[in-house]
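Heads up: the structure comes next, in structure tokens.
All of these numbers come straight from a predicted model, not from anything done at the bench. In what follows, residues are counted from 1 in the order of the sequence shown.
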Amino acid sequence: ILFAGSMPQQEKTKKEYSESAASYIINKRLGELLTQKDIPIISGSISIGAWLKKIHSGTIEAKCKPENWKASLILIENELRKALQFGFTDQEFLLFKKEYLSQLDNAVQTMSTVDSQSYIYQIIGSLSENTPFLDAIQYRDIAKPIIEKLTKEEALKEFQRYWQLEHRLVSISGNAEIKDAEVEIKKVFEEAKAKEVVLQNDSVLIAFPYEAKPENISKILLKEEIP
């Protein structure tokens, strides 16, 4: 838990999108790691948020086999520190923007298919959060210009606020047998902090799904309908 307070709605909205960008990118990185050979973790995720809209906290965690807890702890500490130190690449941030804007457009296109029960839940959620209920068009009108103008530097600055203090709770839960656990966990964590981290390389991304549309439209050579 790092800081508490409130801010004007416009700044709050920009802050939330900055947080979303940072979480999206780091979760994407953790997901890409799972495709690599001999990776110690089974899954990994990061989340940041506010308790009672006042107390803000960030969490990064991973699941692994008991025998891999040391390597897993080192890995997620390094991934977090790499993001805090070097930030995000242009490609990563562009991918976040394309994905988010695509979701906004898709929500507008599917408005007519949303059932009334879903709207009821959204209205109840708005009331509980003390925020106005917005349909997909209104939400896109607000979010789109903020997302388009958002920079990776702004997202990094907001993300760093969650980790700017040396106040970390490191815990290992599960059925791993750790002798003198507190001493051993601290030792591994300090070992992780001593490792050098390097700048993220855009080439590690498996694919970029939002390429520009082709200039020329080809003809269909063969079309077969299967009943």
Side-chain angles (χ1 to χ4, degrees), residues 1-7 15-89 92-93 96 152-206:
I1 297 174
L2 298 181
F3 58 93
S6 59
M7 61 185 66
K15 168 185 174 296
E16 291 172 344
Y17 292 137
S18 296
E19 294 171 355
S20 295
S23 296
Y24 172 91
I25 291 172
I26 298 176
N27 280 321
K28 196 77 173 177
R29 289 182 182 181
L30 293 172
E32 295 289 349
L33 286 174
L34 297 178
T35 66
Q36 298 179 17
K37 187 178 180 180
D38 299 326
I39 201 74
I41 64 173
I42 299 172
S43 65
S45 65
I46 192 167
S47 62
I48 49 183
W51 180 64
L52 297 178
K53 303 182 183 179
K54 295 293 183 180
I55 309 300
H56 298 251
S57 63
T59 302
I60 185 169
E61 61 182 19
K63 293 181 179 180
C64 66
K65 294 181 178 180
E67 63 270 22
N68 292 334
W69 75 266
K70 293 182 180 180
S72 299
L73 176 57
I74 292 173
L75 184 146
I76 60 173
E77 190 282 334
N78 289 177
E79 285 299 315
L80 174 62
R81 185 154 47 87
K82 179 170 64 175
L84 291 170
Q85 184 173 337
F86 296 109
F88 316 118
T89 68
E92 286 178 321
F93 209 72
F96 161 75
K152 63 180 184 179
E153 290 77 18
E154 291 172 327
L156 176 60
K157 182 179 180 181
E158 194 59 51
F159 179 66
Q160 288 174 332
R161 294 181 67 198
Y162 285 86
W163 310 91
Q164 62 188 351
L165 302 179
E166 284 298 326
H167 177 72
R168 306 284 170 84
L169 171 63
V170 182
S171 64
I172 308 296
S173 61
N175 56 353
E177 296 182 2
I178 308 175
K179 186 178 180 180
D180 200 359
E182 186 173 342
V183 174
E184 184 65 15
I185 292 172
K186 183 178 180 180
K187 178 182 176 182
V188 175
F189 185 65
E190 292 298 327
E191 179 185 342
K193 290 168 62 178
K195 286 183 173 292
E196 182 182 3
V197 292
V198 296
L199 182 67
Q200 180 77 8
N201 191 335
D202 270 343
S203 64
V204 303
L205 292 177
I206 293 177

As an exercise, state the distance from [atom1] of [X] to [atom2] of [Y], rounded to the nearest 0.5 Å.
X    : Y   : atom1 : atom2 : answer
F96  : F88 : CZ    : CZ    : 10.0 Å
R29  : T89 : CZ    : OG1   : 6.5 Å
N27  : S20 : CG    : OG    : 11.0 Å
R168 : L80 : CZ    : CG    : 5.5 Å
E153 : F93 : CD    : CZ    : 8.0 Å
I46  : I25 : CD1   : CD1   : 11.0 Å

Can you tell me if CD on E182 sees more than 12 non-hydrogen neighbours from other groups inside 6.0 Å?
-> no
Is the CD atom of E190 crowded by more than 12 outside heavy atoms at less than 6.0 Å?
-> yes
So, for [X] and [Y], which heavy atoms are closest and what is the spacing to 0.1 Å?
X    : Y    : answer
I48  : S23  : CG1-OG, 3.4 Å
I41  : A62  : CG2-CB, 3.7 Å
L84  : L156 : O-CD1, 4.1 Å
S72  : P40  : OG-O, 3.5 Å
I185 : L73  : O-CD2, 4.1 Å
A155 : A22  : O-CB, 4.5 Å

Closer than 4.0 angstrom, basic N to acidic O: yes or no for [X] and [Y]?
X    : Y   : value
E19  : K15 : yes
K152 : E92 : no
K195 : E77 : no

Is a side-chain N or O of T35 found less than 3.5 angstrom from the main chain of E32, in a donor-acceptor match?
-> yes
Is a side-chain N or O of N78 found less than 3.5 angstrom from the main chain of A192, in a donor-acceptor match?
-> yes
side-chain contact (heavy atoms from CB on, under 4.5 Å) partner of F189, the single match among K193, E191, K186, K187 | K193
Derivation of the side-chain contact (heavy atoms from CB on, under 4.5 Å) call for L75 and I39 | CA-CA 9 Å; L75 184 146; I39 201 74; 3.5 Å; yes
List for me each residue that meets salt bridge (charged side-chain N to carboxylate O under 4.0 Å, His left out) alongside K157, sequence neighbours excluded, and say none if there are none.
-> none
Taking the side chain as every heavy atom from C-beta outward, state whether E79 and I26 have any pair of such atoms under 4.5 Å apart.
-> no
